[in-house]
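Reviewing the structure listed below.
Computed over heavy atoms, backbone and side chain alike; hydrogens, waters and symmetry mates excluded.
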Amino acid sequence: MAPSALPLGDPAPADGSFPPEVLQALPARAGKPLGLYVHIPFCSVRCGYCDFNTYTAEDLGPGASRQSYPDTLISELEFARRVLDEAGAPARALSTVFFGGGTPTLLPAEDLARILAAVRELFGCVPGAEITTEANPDTVTPESARVLAEAGFTRISLGMQSAVPDVLAVLDRTHDPRNVPAAVEAARSAGLQVSLDLIYGTPGESLADWRESLEAAIGMGPDHISAYSLIVEEGTAMAAAVRRGELPDVDGDDHADKYLLADELLSATGYGWYEVSNWSTSQATRSQHNLNYWLDSDWWGAGPGAHSHLAGLRWWNAKHPAAYAQRLHQGISPGQGREVVDAEAQALEHLMLRLRIAEGLDIAEHNALPGSAPVSPEALAQLAAEGLIEPEKARRTSSHPQGRAVLTLRGRLLADAVTHRLAG
């Protein structure tokens, strides 16, 4: 697609309509997976490290209380259906649905089930669609897990973060780590796949603390484990504490040591990495929703502050739940701004995201993209010689005539640097 004249951050139209170049591109996207992200903005406590669009109040204005929010969200889904129909978009059932936040399970399981029922009615889901909700371990019970499973949810992602109470306290996480095994068991008994999310590099966390968390997570036998390095984001309470000297800043060497330990323990117990921060027991238990992001598929983001992507068009909703609800109440799109990504930016993102996954970057595919800076054989050979990409994968084959760039373990630690070098 040629670069668009639409400037970055252009206001989104009130009717949600797409620009002409996107309308022209839509038919070619018919074979791409389509996902839905559903944002639930409520949290019981605002964690000090979190910069997500979340709120602790139960009532954030008309249409944005916990009680009224499901109806507001469903009204956006109805709006989305109309926009797609009026655009003549090819019919595509959803391959994945992901409820994130915030803490989706602060809403009653029956409300989440009602939202999912509306999703199925309006969009449809492909057979075997992956349907996930994030959850705080304290909010999952055998009964709520049963309701979710009966509604069609297939997967639950539990925010464990750490097994060490002192580390959880620094993160301002209020859940009881002893509740995590109970939540895992409740989900498993209901027939749900289980993913555990961990964070490493919390100020004051020792390598022994991190080992304890990893061993606790592995011991529960989840299908999937995510391990994310802590990033101290500007504007958060944790960033302010670091500036005041109350907490030490993050340490890159400490992060590297903890990543290496994670990969060692997870690999030894049957988990394979498939993205730099994600491990699963098999291909079947990978997060298909996240893979859709990494593989340049399309998704609609519903809820305040949610972002969407369709045929190169990106847009984002009004951030505050009250403003989001007000726009829908007025019958206009909750979208606040949008941009059409030019070919050069799309090629760079393709390189960066493909490089993070275990299958790696197909060099011939990348070099053929409009706007790409072609990767030379010499650049690939040099990265292989430095032990940053797998030498045997970099070789030319009939299926990969210019080779692939697949990160080694050392390369995963330096993924951003490898990306910059391949991008020229």
Mind checking whether F42 and Y69 have parallel, tilted or perpendicular rings, split at 30° and 60°? perpendicular
Heavy-atom closest pair, residues V406 and K393: CG2-CB, 3.9 Å
Check the pair T139 / N136 against side-chain hydrogen bond (donor to acceptor under 3.5 Å, both in side chains), numbers first and verdict last. CA-CA 6 Å; T139 64; N136 180 305; 5.1 Å; no
With E130 as reference, evaluate C125, S287, S95 under the side chain to side chain contact (heavy atoms under 4.5 Å, CB included) test and give the passing residue. S287
If we only count heavy atoms from C-beta on, is the L36 to F98 side-chain gap below 4.5 Å? no
N290-E275 side chain donor-acceptor pair, cut-off 3.5 Å: no
Taking C-beta and beyond as the side chain, do L388 and R410 meet within less than 4.5 Å on heavy atoms? yes
Does the pair D296 and R354 meet the rule for a side-chain contact (heavy atoms from CB on, under 4.5 Å), with working shown? CA-CA 9 Å; D296 187 39; R354 290 297 203 285; 4.3 Å; yes
Closer than 3.5 angstrom, by distance alone: can the side chain of T103 be matched with the main-chain N or O of T105 as a donor-acceptor pair? no
Taking atom types as modelled, is there a side-chain donor on D257 or W210 under 3.5 Å from an acceptor on the other? no
Taking salt bridge (charged side-chain N to carboxylate O under 4.0 Å, His left out) as the criterion, tell me which of K32, R314, R29 meets it with D298. R29
Over 12 foreign heavy atoms within 6.0 Å of CD, E365: yes
When rounded to the nearest 0.5 angstrom, what distance separates OG in S162 from CG in D197? 13.0 Å
Are any of the side-chain heavy atoms of L73 and L328 separated by less than 4.5 Å? no
If we ignore hydrogens and angles and just use 3.5 Å, is the side chain of S308 paired with the main-chain N or O of G301 as donor and acceptor? yes
I want to check something: taking the side chain as every heavy atom from C-beta on, are R188 and Q193 in contact at a cut-off of under 4.5 Å? no
Flag, side chain of E264 to backbone of L260, donor-acceptor distance under 3.5 Å: no
Where do E234 and R243 land on the salt bridge (Lys or Arg N to Asp or Glu O under 4.0 Å) test, with the steps shown first? CA-CA 10 Å; E234 282 302 316; R243 276 197 309 273; 3.3 Å; yes
Nearest heavy atoms of A113 and A151, plus distance in Å: CB-CB, 3.4 Å
Examine R412 relative to Y259 and say whether NZ or CZ is less than 6.0 Å from the centre of the six-membered ring and inside a 45° cone about the ring axis. no
CD1 of I231 to OG1 of T236: how many Å apart, nearest 0.5 Å? 11.0 Å
Sidechain-backbone polar pair: S372 side chain, H366 backbone, donor-acceptor under 3.5 Å: yes
Do you know which two heavy atoms are closest between L112 and F99, and how far apart they sit? CD2-CD2, 3.9 Å
Distance-only polar pair, side chains of S65 and S68, donor-acceptor under 3.5 Å: yes
Checking side chain to side chain contact (heavy atoms under 4.5 Å, CB included) against R286, which of L291, N278, I357 comes through? L291
Close side-chain approach of Q382 and R421, heavy atoms under 4.5 Å: yes
With Y324, which of H39, E76, Q336 fulfils side chain to side chain donor-acceptor pair (under 3.5 Å)? E76
Going by heavy atoms in the side chains, are W279 and D263 under 4.5 Å from each other? yes
Which atom pair, heavy atoms only, marks the closest approach of Q346 to V341? NE2-O, 2.9 Å
Check the pair E78 / R82 against salt bridge (Lys or Arg N to Asp or Glu O under 4.0 Å), numbers first and verdict last. CA-CA 6 Å; E78 293 168 342; R82 289 196 301 273; 5.2 Å; no
Which pair of heavy atoms, one from S144 and one from A109, lies closest together, and at what distance? O-CB, 3.8 Å
Backbone N/O of S333 and side chain of D15: donor-acceptor pair under 3.5 Å: no
Does the Q161 side chain pair with the main chain of R173, one donor and one acceptor, at a distance under 3.5 Å? no
If you count every heavy atom of other residues, nucleotides or ligands that lies below 6.0 Å from E246 atom CD, does the total exceed 12? yes
Look up atom OG in S206 and atom CD in E212, then write down how far apart they are to the nearest 0.5 Å. 8.5 Å
Could you check if a side-chain atom of L422 sits within less than 4.5 angstrom of a side-chain atom of L351, using non-hydrogen atoms only? yes
Whether H400 side chain and Q402 backbone form a donor-acceptor pair below 3.5 Å: no
Under 3.5 Å donor-acceptor, R155 side chain and L192 backbone: no
Is it the case that T132 and S157 place a side-chain donor and acceptor less than 3.5 Å from each other? no
Stepwise salt bridge (Lys or Arg N to Asp or Glu O under 4.0 Å) check, E143 with R146: CA-CA 5 Å; E143 174 61 18; R146 182 190 62 77; 2.4 Å; yes
Do you know which of W294, W315, Y293, Y37 makes ring-ring contact (aromatic ring centres under 6.0 Å, His included) with W299? Y293
Atom pair CZ (R92) and CG (L34), whose distance is rounded to the nearest 0.5 Å: 5.0 Å
Can you name the closest pair of heavy atoms from P222 and L196 and give their distance? CG-CD1, 3.7 Å
Nearest 0.5 Å, what's the CG-NZ distance between L198 and K258? 12.5 Å
Side-chain heavy-atom pair F153, V147 within 4.5 angstrom cut-off: no
Does the ring of W316 carry R338 above it, NZ/CZ under 6.0 angstrom from centre and within 45° of its axis? no
Check for a donor-acceptor pair, side chain of D223 on one end and backbone N or O of V194 on the other, with a separation under 3.5 Å. yes
Worked check of side-chain contact (heavy atoms from CB on, under 4.5 Å) between L26 and L310: CA-CA 8 Å; L26 280 174; L310 191 67; 3.7 Å; yes
Rounded to the nearest 0.5 Å, the OG1 atom of T133 sits from the CG atom of L107 at a distance of 9.0 Å
How about R178: does its CZ atom have over 12 heavy atoms from other parts shown lying under 6.0 Å from it? no
Mind telling me whether Y200 and H255 have parallel, tilted or perpendicular rings, with 30° and 60° as the class edges? perpendicular
Please walk me through it: do R114 and D71 pass salt bridge (Lys or Arg N to Asp or Glu O under 4.0 Å)? CA-CA 9 Å; R114 185 160 65 89; D71 288 328; 2.8 Å; yes
